[in-house]
Structure formats: C-alpha cells, structure tokens
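Inspection log for the structure reproduced underneath, given as structure tokens.
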Number of protein chains: 2
Amino acid sequence: MASDGPRRSGDAAPGTGTGDRPERARTARWRTAADVLARVRGEPGITRAELARRLNLTTGSATEITARLRELRLLSETPAPARGRGRPTTVLAPHPSGPLVLAVDLRQEDWRCGLASLDGRIHDLRQGRHAGREPGAVLGALGEVVAGAWRRHGDRLRAVSLAVPATVRDGRIVQASGLGWGPVELGALTARSRLPLLVGNDATLAGVAEARTGAAAGAGTALHLLVEVGVGGALIVGGRPVTGAGGTGGEYGHMPFGDRALRCPCGARGCWDLEVDGRALARHLGAPAPRDPRTYARRVLARVAGREAAGDGLDDVPIEAAARAAGVVAGSLAAGIAGLVNAHAPDVVTLGGLAVHLRAAASARFGAAYADGLMSFRRDLPPPVLDAAYGDDGALHGAVAVGLDHVTSEAALAAWADAL
Amino acid sequence: MASDGPRRSGDAAPGTGTGDRPERARTARWRTAADVLARVRGEPGITRAELARRLNLTTGSATEITARLRELRLLSETPAPARGRGRPTTVLAPHPSGPLVLAVDLRQEDWRCGLASLDGRIHDLRQGRHAGREPGAVLGALGEVVAGAWRRHGDRLRAVSLAVPATVRDGRIVQASGLGWGPVELGALTARSRLPLLVGNDATLAGVAEARTGAAAGAGTALHLLVEVGVGGALIVGGRPVTGAGGTGGEYGHMPFGDRALRCPCGARGCWDLEVDGRALARHLGAPAPRDPRTYARRVLARVAGREAAGDGLDDVPIEAAARAAGVVAGSLAAGIAGLVNAHAPDVVTLGGLAVHLRAAASARFGAAYADGLMSFRRDLPPPVLDAAYGDDGALHGAVAVGLDHVTSEAALAAWADAL
DNA sequence: GGTTTATACTCGTGGCACGAGCATAAGGTG
DNA sequence: CACCTTATGCTCGTGCCACGAGTATAAACC
C-alpha cells in the first residue's frame, strides 16, 4: 500500500518494504523490547513479574530483557514493596538518563510544553503567552523552547511532538482559523537539532489521550469530540487516530448535519459546526454573530447555569431564552453524535471543551436527542458519552503519547542502542 | 489497560497478552513468513528476487525462507521467464496442497462461494438460490456447502469467511432487513468442522476488496459506499475496515444528512438512507413508496439513461421528471459523500451498486454537489470518486481477503506448521 | 527454624536473519 | 565458441533472541 496516515514505522500495512537497507532483523529484534516499554507506559509502576505475565514471557526471558533494557538506559528497576509471600520483585520505571520527548501544545493565546519520560509522565512544564499573533513570532518562541530543551538534554531528547489548533497536512499547517493563519511550515522548529517533529491537530491528540489513559481508556474504538468554535474530533482505533490522507481528517464539524441554507466559512454548506457553538446560540437568541463565539457561548451557558456575571453583555437575555437556545444547540450536538455513533460504533464517546458545558446545561434534551438519533438496535446498550478526563490538558498528553510511540518504535530503539 | 503503544502486525486488542501459553516466540517467529505471504498475495506472480528486494531480505535469507515455506507446503516455486541477463529466478505461487479459505457471499436471493488459495485467486466457484427465506433453510444450505468443502479438502481448509447483507455484531447477525431476518446465530455453520468462522457485512467486505486490489488499491485510507436500499459502506485504513465495537460500524446511511422530519425504519430521524435510494426517487416523483426500492430505482435510472423497458410500471413517468429526481438524489448522495470526505479525508472514494448508476445518470449534478460540499482547502485536490472495480463480486473478494488475513497470521502459520 | 510461595538467575538449545564468499545460469561480445 | 558481464541462488559461520528446565533466593507463614 502507499504511504499514508499513521506515519510511524512498525506499522500495519503488510505493504512494501521500508525502503531502508537490509536492516530488517536489526529493527525486528526490538519487538519485544518495544512491547515491554509500551506496557510500562500503559501501566506505570508495573512490576517485572506482572509484566512477564502480561506479555507471556518466561522468567528467564524477563531477566534477560530487563537486564538489556537497564544496560541500554531505557529502564531502571527498584525493589517493589513486598506483597505477601514470595521473592520480592522490582518495579520498572524509566531510566534516569533515558530518552525524552518534548511535547508542545500551541494554543490560541499561549503555549505550554513539557518533557516526558518513557512512562508518559510530564516533567518541567513551562508556558508562555504569545507576544504577537504572527506565525513568525510564535514559531520563534517555540523554536527557543526546542533549542533550550535540546541544550539541556542533548541526545536524551529524541523527538518533538506538537499539538496545534489547526488543520494539519503532512506535518504542515494548512489553516488555523483561530490564530488567523494560513499555510505555515513548521520544519524550522527542529531544523538545527534535526529531531523528528511530529505534528498533530489538538482535538485529535486530545482524543488520543482520552483513548489511551483518559475517559475512554480501554476502548477499542473511541470517538472524541471537542467543541470550541465549531467541532473537531477524532475517531481512535486501537489507540491510533484515524486521520486519513496527509492527516487532514477529523473535521467532523464539516459534515452536513445542519441547515443546508447556511454557508460555512469553510466553503461547504450545512456544516454541523454552525449548529453547535456560540454562533448557533447567538442565532437562536436573535443576536448578531459574536466576534468571539467561544467566550460568548461560555457566557450564555454560565447564565443558564445561574452564574450570571455582571457586564457579560447579556443583560437583556432572559435565562429562559438562554436555556431554550442551549437546549436546541445541545440537541443538535447530540443528534450529530448519534449519527456518528451509528456510522462508527465507538465503544465510548468523550466530550471536550464547550461540549461538556452544553450537555450540562441541557442534559435531558441532550440525552433525548442522542437516543432519538440512534438506530434502534443500538439503544439497548448505547455507547456512554463521557466528559473528557484530561480537561484542557488532553492535547498535551496526546502529544506526549504520540511522541513516545515514535521513540519506542522498533526502529527508534535500534537507533538509540546504536548510539550507545 | 488502555489500548496503547505501537501496535504491531497483529490485530485490535492492544491489551494484555494473548492469554495463551508463553508461546510468544512461537508465533513471532513467523513474522517474516507472514510478510512474504502477504507480498505474494499483493503481487501475484512476484518473483523470488523481487520479493527479496521488496522486503529487504538478503539473498541468503530469501533462500532460507522460501525453502522453509516450500517445505511447509505454503509456497511453490516455478522457473520464471527469463528477462535479460542474469541467473533466472523463480515465480512464487501458492503450494498445490497449501491452505485454503472458503469464502461465501450470502445475498438476498442467492449465495455464492469459492475456494481461495494463498494468492487470493478463487477456484471452484459455486452458487445456489435460496429455497426459502427462513434463516434455517438458508443456513442449512450453507452448512452443506461448508461440510462439502471440508470433506473434499480436509485440513487444507483453514477458515470460512462469510459476507452477509446484514448488520453483524461479534460474528452474529443482528438484523438483515433485506432478508427479513432478526438476530441469527451463525456458529452452527462451522460447529462440526471447528473451522474459524469470519463474518462480515457485505458492503464492508466489498470495501476491503476495493481498497486492497480494486479501484482504491494503494490508498492508505479509502471510503467505499454501496447504495442498494439505503447506504452501506466502510472506511478502510491500511487495508483494514474500521468497524467499531463488535463490528457494527459502517452504517453510513444512518447519519442525519437528510430531512429531520422523516423517520427511518432504523428508528432514527433524517437518515441519509432515505435520500439516496429508490424510496427517495419515488418521493421526488410523487409516487408511493415502492415495495422493492432497488428494482424501482434501477428502472427509473434506466429510463433516464434512455433504456426504457416496456412494462416497467413507469409508463406515466416522463423522462424529464425521472432525470430531475435522479439529479436531486445524486446531489444528496454527493453532498453526503463530501461530508464524509471532510471528516475522514480518504485518498479515494469508491462507489458500488446503485451509486454507480446514480452518478452516471446525473454526473454534472453529482460533481457540483460533491465540490460544493467540500471544505475549500480540499477542493484543490479532492479525492477521486471511482466506480468499484469488482462490481457485484466485491463482497466475495473481500471475504477472501479477510479469510486469508486470518490464515496468514503469525499464529495461524504456527498452527499450520505444527500440524506438519 | 523449617516450610511455603513467588520470583529471579543460569545455562544449554533451537530458530532466524545476516553477511561474505562462492556457484550458477542466463545474455552479450568478439 | 570461448569468455565476459550480470543477476541471482546457495553455503556456512555468526550474532541475537526467547525458550525451558533446573536451581537459587527472599520474603511470609507456622
């Protein structure tokens, strides 16, 4: 098969060769090691004995492989607290001088970054506000962040993983309406350090985080939907997002679930986007289109929740009207979700951003519209719709996850070992 | 456990160990063999030298592995036609006494089946009409087919792969509206032979066939849509369909792209289903709902194409009206497809069944609605929409593909070798 | 202090792919 | 027709990995 989405190396696609040297065995050899590291990440604090059971390793193999990984500065072992009889085992943890991933979450107003070790824990969290909105200024600041981490950690830093509030194609930004950006190249961020740069959409990465270790943990197929201005999201299968050609998928807000008479800024018609955010609330309230639909929506929903703020500019909006509008919008959201559930049959649906508040503001209406939109055979056991566990931190944790996937791939482990 | 980490060749369940013995190495050992067989299937008639290049094998490894696979009755080698200088190589083909898969396509009026060898070629194609519509009668006949193949081929038969025009959950039919069936167990088909039984939706499997070796061959992400009564389909990523929990996904026809006022027999509202098939054509023509929407639609579209058949019961329908109705319906189909393309960003879209004729009957309207529904950044290079290459044979070929995936899995190869 | 239990360690074995060198079967050339 | 060129196949020693069986160890239990 041709090159495509899930870029990583040790992948599905019984396709053509990797194109590299005859180094087939060189990477294949790391298969078990990669599995071990994945397990350590999935269950931080796992003991060696437990690991061996999970992976069906004999004790001999476990001894060998942990020794190897310790030697390679990938894992460290510390005595585990005794539990009952038997010889004490050890807890597996990332090695203190093992590989690191720099995860960066670029947001509309600011950025955040953190260094992640192999267990997925984030250290050294930093943040900063954008000085200006221009791509050059923002990327300059991020470039400094990358350079700083590279200076401090040298070869321990193995990848940079970036979450952006934008449509991403082949590692480049196609458009970021929230930032007011058109196409932006990102390669400069790691040009000097030559680190692998992984770029993903923020909603997609938040979905990855939820599916791996968040509210949808354990789900084979999970659907994450993030509402802010419009709807973004991702379908995550086996922990990997389905992002399509070039990674531009996940634009769920541009399915025609809405009024065909409305033209969306994206260029299409009837987009779901227009039915579920602040713009929709304003329409239903007879107000003009808000300049900042996100803040506007939060204010309206706060009003519904009885937390009216003075000077929110909504003094003339009665609570009943706000509640009605929220109900309609929550219904549109739920109906669309039901359609997506019909099509994709996720085990769980997770909600992020405004969607959480929208549902809370009109939960009965939401639940009714959800049930009403499901095919009847799905109603016996409909996929639960859960609030995101990571809140606003999903994108950063998702970036960590994707970065570590890369670093613990067979090829990357082989490279790490080669470098001693 | 949170599905996570780099997922290897295996399958879904990224979770705990396989649950089997410590037979980790026993199956892992077959990784390269599985890759070789996958390649032989992907490129029937491939030579040994070409294979080695594709998989980055040294000539020594190629010698060893082909010898092993020949010994195991998985592959056979025949001299390849010489091409230029150099020592002649051999063509790899399935072994004459290698494993076989029985693929069965259960359709509304009849069934078809064939035996497939490792290269995916179908031998010994048979078919039969259903004597009665009752599940018992139909499954009885299919049981005979399975038993017959098992008698004839014994242990060479390694799996039965079944395509059904139904919603499938965990290998069972949930409902098959075309057949008028409710839930149906299928395990009895292979209870005696104890063969693995793989069950899939027909539209999903047709999509698999198109994505592997049909019109979408080479696509990393492909979307297949089949219109008959309503719309079925599948998103295929890396050759594997995204079928969700229990395999019930792919019900694209039940996304609310349509008129929210219309209640669908499925229980939901506004289903796309209702906008794109014979029922929609009848509505737009002011005719009562047809009893057999599929035949009705074919007749209307034949009329549009100028192939009016006497006695088709449409004598009072002017061609212009039929063309108008077809245009509206083709537009609805295209608009929905555009929405799905926005959400999933496939490399290619393939059409099956009525969808092909619908588009042909109103190609301008279809093309316009498709473009109009795309996000503007997708319009530069929109995914091509192609007619299915396999026509009505997609489901059977897809069943073959899935069956062979199973048979050439590492675990199945280990089992085949153990049985000598 | 002895027993039980769970786990770790040692070591010989088999399997696989590799790499280097040699062998072979064609086409091309004079 | 002898000889060269080219592409490929074959042999064999090597390194690496996980296995399995047996042995050793460190705790809790009695």
Rounding to a whole Å, what distance do you find between [X]:[atom1] and [N]:[atom2]?
X: B:L57; N: D:dG9; atom1: CG; atom2: P; answer: 12 Å
X: B:R53; N: D:dA7; atom1: CZ; atom2: C1'; answer: 9 Å
X: B:E77; N: D:dG9; atom1: CD; atom2: P; answer: 8 Å
X: B:L72; N: C:dG15; atom1: CG; atom2: P; answer: 12 Å
X: A:L55; N: D:dC17; atom1: CG; atom2: C1'; answer: 15 Å
X: A:R26; N: D:dC17; atom1: CZ; atom2: P; answer: 13 Å
X: B:E64; N: D:dC12; atom1: CD; atom2: P; answer: 12 Å
X: A:R31; N: C:dG15; atom1: CZ; atom2: C1'; answer: 15 Å

Return whichever of B:G60 or B:E50 has its heavy-atom-nearest nucleotide of DNA chain D closer to the 5' end.
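Result: B:E50.
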Could you say whether B:T47 or A:I65 is positioned toward the 5' end of DNA chain D, judged by the nucleotide with the nearest heavy atom to each?
B:T47
Students often get this wrong, so: under 4.0 angstrom with heavy atoms, is A:T89 touching a base, only sugar-phosphate, or nothing?
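Contact class for A:T89: sugar-phosphate only.
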Are B:T58 and A:R24 close enough, and set up right, to give a side chain to side chain donor-acceptor pair (under 3.5 Å), and what steps lead you there?
CA-CA 9 Å; B:T58 61; A:R24 189 183 181 75; over 6 Å; no
Please report the closest heavy-atom contact between [X] and [Y], naming both atoms and the distance.
X: B:R70; Y: B:H95; answer: O-CD2, 4.0 Å
X: A:L102; Y: A:A149; answer: CD2-CB, 4.1 Å
X: A:H406; Y: A:A159; answer: CD2-CB, 4.1 Å
X: B:G114; Y: B:I122; answer: CA-CG2, 3.8 Å
X: A:A80; Y: A:T47; answer: CB-CG2, 4.2 Å

Below 4.0 angstrom from OP1 or OP2 of [N], is there any side-chain N or O of [X]?
X: A:T32; N: D:dA18; result: yes
X: B:R48; N: D:dG9; result: yes
X: B:T58; N: C:dA17; result: no
X: A:R68; N: D:dA18; result: yes
X: B:R24; N: D:dG20; result: no

How about CG on B:D124, more than 12 heavy atoms from neighbouring residues, nucleotides or ligands closer than 6.0 Å, or not?
yes
Closest to the B:A25 side chain: D:dC17, D:dC10, D:dC19?
D:dC19
When you get a sec, tell me which of D:dA18, C:dC18, D:dT8 is the closest nucleotide to the side chain of B:A49?
D:dT8
So for A:T59 and C:dC9, does any side-chain atom that can act as donor or acceptor lie under 3.5 Å from a complementary atom in the base?
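When only heavy-atom distances are counted, A:T59 does reach the base of C:dC9 through a donor-acceptor pair under 3.5 Å.
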Look at the side chain of B:S61 against the base of C:dC16 and say whether a donor-acceptor pair falls under 3.5 Å; ignore hydrogens and angles.
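Per atom types, no contact qualifies.
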Can you find a heavy atom in the side chain of B:T90 that is under 4.5 Å from one in the side chain of B:P79?
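A side-chain contact is absent here, since even the closest heavy-atom pair is not under 4.5 Å.
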Annotated protein contacts, base or backbone, on nucleotides 25-30 of chain D with a non-hydrogen cut-off under 4.0 Å, one of B, S, - each
BBBBS-
With pairs defined as Watson-Crick or G-U wobble and both distances under 3.5 angstrom, please note down DNA chain C as a dot-bracket string, | for pairing with another strand.
||||||||||||||||||||||||||||||
Looking at B:A411, is its backbone amide N or carbonyl O close enough to the side chain of B:T27 to form a donor-acceptor pair, meaning the two atoms are under 3.5 Å apart?
no
When you measure from the side chain of B:E210 to the backbone of B:A215, do you find a donor-acceptor pair of N or O atoms at a distance under 3.5 Å?
yes
